[in-house]
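All residue numbers in this chain count up from 1 along the given sequence. Just so you know, ligand 1 is whichever comes first in the structure, and atom 1 is the first atom listed for that ligand.
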Amino acid sequence: MSASSESKRDFVSSELGTKDYWDETYDREIKSFNDFGDVGEIWFGEDSQERVLDWLEDCDLVTTDDSVLDLGCGNGMMLIEMARRGYTSLTGVDYSQGAIELAKAIAEKEEITCINYQVADLIAADCTQKYTCLTRQYKIVIDKGTYDAISLIPDSEVEARQVYLKTVKHLVAENGMFVITSCNWTKEQLLHFWKTDFELFEKIPTPSFQFGGQSGNTVTSLVLKPKP
Ligand SMILES: C[S@@+](CC[C@H](N)C(=O)[O-])C[C@H]1O[C@@H](n2cnc3c(N)ncnc32)[C@H](O)[C@@H]1O
């Protein structure tokens, strides 16, 4: 994935910002799951998922009974792993029907029953009234790659990101946290965009690279808290 003049990285709109792309992807992945048991892509790799989950486990602010919402959950592997780690109140939403079908099929095969899945478009204007899962607040709200995908929407990405911010603000409980993992935006860029309503609580360490005397991260994971 890769977007706008505000970006240090070269950010251009792309097919990854379209619903058609995701619908086709998950149609393929469902077939592959049915034929070969392959769960499909874990975006940014299993390590980035583990780093977020390990941080949650170590931070002392979270219990396994806390409510969790995964935004743009895809195949739901983050939630599956959370269920394996003992979390009991898990919800995943994605606008692609195929993603939700795949996620439900994987959970069923794993005999995991504590995950509630719903198809929901997180940038639909009335989404926080329209979809039951989005009418309430959650202690832990997770985004891995979904803000990135929304940032790639052809023609309207800035507008779409603003709607997404409003949606996320509505969903994170006052004492809750928003854990965002991005490969398109740097820490500074994420903080710049989200600062109207969120502040940095902690940056989850991710591997860094050195190039031309500068260091950077290929993936950025931040824990943000809603501003009072
Ligand atoms: C890069 S994938 C990440 C999937 C998953 N979070 C993971 O880490 O494996 C981005 C996901 O966001 C979903 N998505 C994109 N725009 C969305 C929207 N407006 N509402 C809900 N889901 C969306 C896509 O269908 C896709 O599953």
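Close N/O approach between Asp70 and ligand 1 is not found [any backbone or side-chain N/O within under 3.5 Å]. Checked by distance only, ligand 1 and Ile150 stay at 3.5 Å or farther apart across all their nitrogen or oxygen atoms. Considering backbone and side-chain atoms together, Ser96 places no N or O closer than 3.5 Å to any N or O of ligand 1. For ligand 1, one of its N or O atoms has an N or O atom of Gly72 under 3.5 Å away.
Distances from atom 1 (C) of ligand 1 to the heavy atoms of Trp43, Tyr95, Tyr131 show the closest one on Trp43. Closest to atom 2 (S) of ligand 1 by heavy atom, among Tyr147, Trp22, Phe44, Tyr21, is Trp22. Comparing Ile142, Leu16, Asp121 by heavy-atom distance to atom 19 (N) of ligand 1, the nearest is Asp121.
Taking 4.0 Å as the cut-off, Tyr164 does not count as a neighbour of ligand 1 on heavy-atom distance. Distances shorter than 4.0 angstrom occur between a heavy atom of Ala120 and an atom of ligand 1. Ligand 1 has no atom lying under 4.0 Å from any heavy atom of Ala99.
Cation-pi geometry between Arg136 and Tyr138 is satisfied (NZ or CZ under 6.0 Å from the ring centre, within 45° of the ring normal). The side-chain tip of Arg161 does not point at the ring of Tyr147 from less than 6.0 angstrom away and within 45° of straight on.
A side-chain donor-acceptor contact under 3.5 Å links Asp23 and Ser96.
Applying the side chain to side chain contact (heavy atoms under 4.5 Å, CB included) criterion to Lys104, with sequence neighbours excluded, gives Ile100, Tyr117. Applying the ring-ring contact (aromatic ring centres under 6.0 Å, His included) rule to Phe178 yields the partners Trp194, Phe198; only residues at least two apart in sequence or on another chain are considered.
Taking every non-hydrogen atom of Cys73 and a distance limit under 4.0 Å, the qualifying atoms of ligand 1 come out as 5 (C). Listed by atom number, the atoms of ligand 1 under 4.0 Å from Tyr26 heavy atoms are 25 (O), 26 (C), 27 (O).
For the residue pair Met177 and Val172, the shortest heavy atom distance occurs at N-CG1, 3.7 Å.
When non-hydrogen atoms are compared, ligand 1 lies under 4.0 Å from neither the backbone nor the side chain of Ala160.
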Ser67 and Ser89: CA distance, side-chain angles, deciding distance, side-chain hydrogen bond (donor to acceptor under 3.5 Å, both in side chains) verdict: CA-CA 5 Å; Ser67 55; Ser89 176; 5.1 Å; no
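Rounded to the nearest 0.5 Å, atoms NZ (Lys166) and CG (Leu171) are 14.0 Å apart.
When the options Asp143, Val93, Val168 are evaluated for a side chain to side chain contact (heavy atoms under 4.5 Å, CB included) with Leu69, the one that passes is Val93.
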